[in-house]
Amino acid sequence: MEMKKLVSLCKRRGYIYPSSDIYGGINGCWDYGPLGVELKRNVKQLWWKEMVHSRRNVVGMDASILMHPDVWKASGHVDSFFDPMVDCKSCKKRFRADEVEDKKCPACGGELTEPRSFELMFKTFLGAVEGTASTIYLRPETAQGIFVQFGNVLNDSRQKIPFGIAQIGKAFRNEINPRNYTFRSREFEQMELEFFIAPSGNKEWFDYWVNQRMKWYKDIGVKEENLRVREHRPEELAHYAKKCVDVEYNFSFGWQELEGIADRQDFDLSQHTKFSGKNLTCYDEESGQSFTPHVIEASAGVDRILLTLLVDAYEEEPERTVLRFSPKIAPVSVGVFPLLRKPPLAEKATQIEATLRECFRTFYDETGAIGRRYRRQDEIGTPCCVTVDFQTLEDDTVTLRDRDSMEQIRVGAKDIASEVWKFLYSGQRFRR
Ligand code: GAP
């Protein structure tokens with residue numbers, strides 16, 4: 001699949017726009033349109049349901065984006081969140097040093113400078129005075145908001161080790177080379193779980209979370225053959241990690257990371273204890289000793305998952321383009337049309353759409369040839385469509401059309417909500 005075709009569909013149909021589009025865009029920033037925002041909400045909701053609501057031992061939180069500057073000293077970001085970069089002496093383009101081969105500019109073949117460090121955190125100023133004393137950062141990961149509130153959550157939530165804290169929120173990185181559409185952005189969203197454990201349980205919990213996370217990707221409809229787990233080589237490990245695996249997807253630009261699952265040991269809580277002077281330990285009743293919990297982290301990028309879902313669902317057929325989204329994530333669940341815009345048909349279709357809207361995301365469309373209306377829904381990934389036609393006026397049945405097979409069956413209009421529900425969620429697609 002050529003990425004430029006997907007980019008065009010996403011813009012044309014209201015999934016993704018370049019940020020500040022009328023001013024020519026801004027590199028590494030993207031806006032989600034009416035359908036994109038629904039897809040994103042579905043992904044975040046499914047993650048939250050899976051990681052928080054379906055578990056007794058995980059609670060959520062929502063930290064501020066701006067934090068005390070010492071947080072980033074303690075976390076190691078001030079000292080080590082840099083990318084080495086090189087500049088081309090001829091065309092002046094800039095690249096990550098680890099992404100160039102033969103010390104030649106990938107764009108023009110020109111000579112490159114020696115690598116220099118490039119800070120990835122965005123700086124800003126707190127209050128009216130600009131200067132070193134008021135410098136703070138836009139958070140480069142949401143995880144630190146969880147670590148610095150660990151003590152409060154432990155005291156207030158009646159949780160005991162092992163337990164987790166989950167968060168979804170924006171993160172910012174001044175990436176040298178934002179690229180591959182939304183894959184590497186400068187502003188993006190993360191869904192992170194920090195799971196706190198006793199120091200002896202690392203391997204067991206690490207394996208548990210890798211399995212859980214892989215299962216989730218398959219559950220939301222990503223094709224299994226396009227997913228894999230890859231373990232980091234020792235030289236790849238982040239400064240805080242003893243072990244890390246990436247969940248990767250097979251994009252047209254190669255296998256790429258969607259999520260990192262890391263054994264962060266007690267690095268973060270120990271560092272925050274050291275820098276803040278506050279006690280972030282737990283008491284073990286059996287041994288009568290206090291200990292600093294270890295952490296298994298599952299950190300996923302919302303925008304990368306969205307791109308994955310779009311790429312994975314995209315198919316071109318001779319007479320149509322179709323996004324084969326799972327009904328669980330499709331931004332619109334059901335399209336409703338009158339065959340013609342005539343009053344008795346349009347009135348009935350309007351009533352049916354109002355009934356369906358109480359339970360599903362619907363889209364009502366009464367203009368244009370019916371075939372074109374179906375094609376439009378196929379292209380945005382709507383799993384089924386209901387059409388009111390002349391037979392409806394005689395026997396109160398409507399057609400229910402399946403996006404994937406394009407088959408149509410007749411179902412009773414009075415039971416339309418349960419018919420659509422069965423179609424979407426019971427796995428009984430068009431069993432007659
Ligand atoms: N707290 C750990 C952490 O932040 P990371 O591997 O740097 O680890 C986690 O980031 C996830 O965040 C990645 O797997 C990816 O999905 C997403 N992510 C990171 N940088 C990104 C970027 N520039 N654009 C979009 N998503 C990004």
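Both counts, for ligands and for their atoms, begin at 1 and track the order of listing.
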Legend entry - Ligand-residue contact atoms, ligand 1 with E297, heavy atoms, under 4.0 Å: 1 (N), 2 (C)
Inset, instruction - May I ask you to list the atoms of ligand 1 that are less than 4.0 angstrom from any heavy atom of F183? - result: 24 (N), 25 (C), 26 (N)
Inset, instruction - Would you indicate whether E319, at its atom CD, is surrounded by more than 12 heavy atoms from other residues, nucleotides or ligands within a distance under 6.0 Å? - result: yes
Legend entry - Proximity of R264 to ligand 1 by residue part, where a heavy atom lies under 4.0 Å: side chain
Inset, instruction - Among all protein heavy atoms, pick out the one at the shortest distance from atom 5 (P) of ligand 1; state its residue, atom name and that distance to 0.1 Å. - result: R173 NH2, 3.8 Å
Legend entry - Contact check: R184 vs ligand 1, nitrogen or oxygen atoms, below 3.5 angstrom: no
Legend entry - Intermediate values then yes/no, side chain to side chain donor-acceptor pair (under 3.5 Å), D268 and Q144: CA-CA 8 Å; D268 303 276; Q144 297 304 324; 3.2 Å; yes
Legend entry - Option with minimal heavy-atom separation from atom 8 (O) of ligand 1, where the choices are G301, S299, S185: S299
Legend entry - Check ion pair R373-E366 (N to O, under 4.0 angstrom): no
Inset, instruction - Examine R304 relative to Y249 and say whether NZ or CZ is less than 6.0 Å from the centre of the six-membered ring and inside a 45° cone about the ring axis. - result: no
Legend entry - Protein heavy-atom partner closest to atom 14 (O) of ligand 1 - residue, atom, separation in Å: E257 OE2, 2.6 Å
Inset, instruction - Determine, considering heavy atoms only, which of E141, E187, R304, Q190 sits nearest to atom 10 (O) of ligand 1. - result: Q190
Legend entry - Protein residue, atom and distance nearest to atom 16 (O) of ligand 1, heavy-atom basis: L258 O, 2.8 Å
Legend entry - Taking atom 18 (N) of ligand 1 as the reference point, the nearest protein heavy atom with its distance: F188 CE1, 3.5 Å
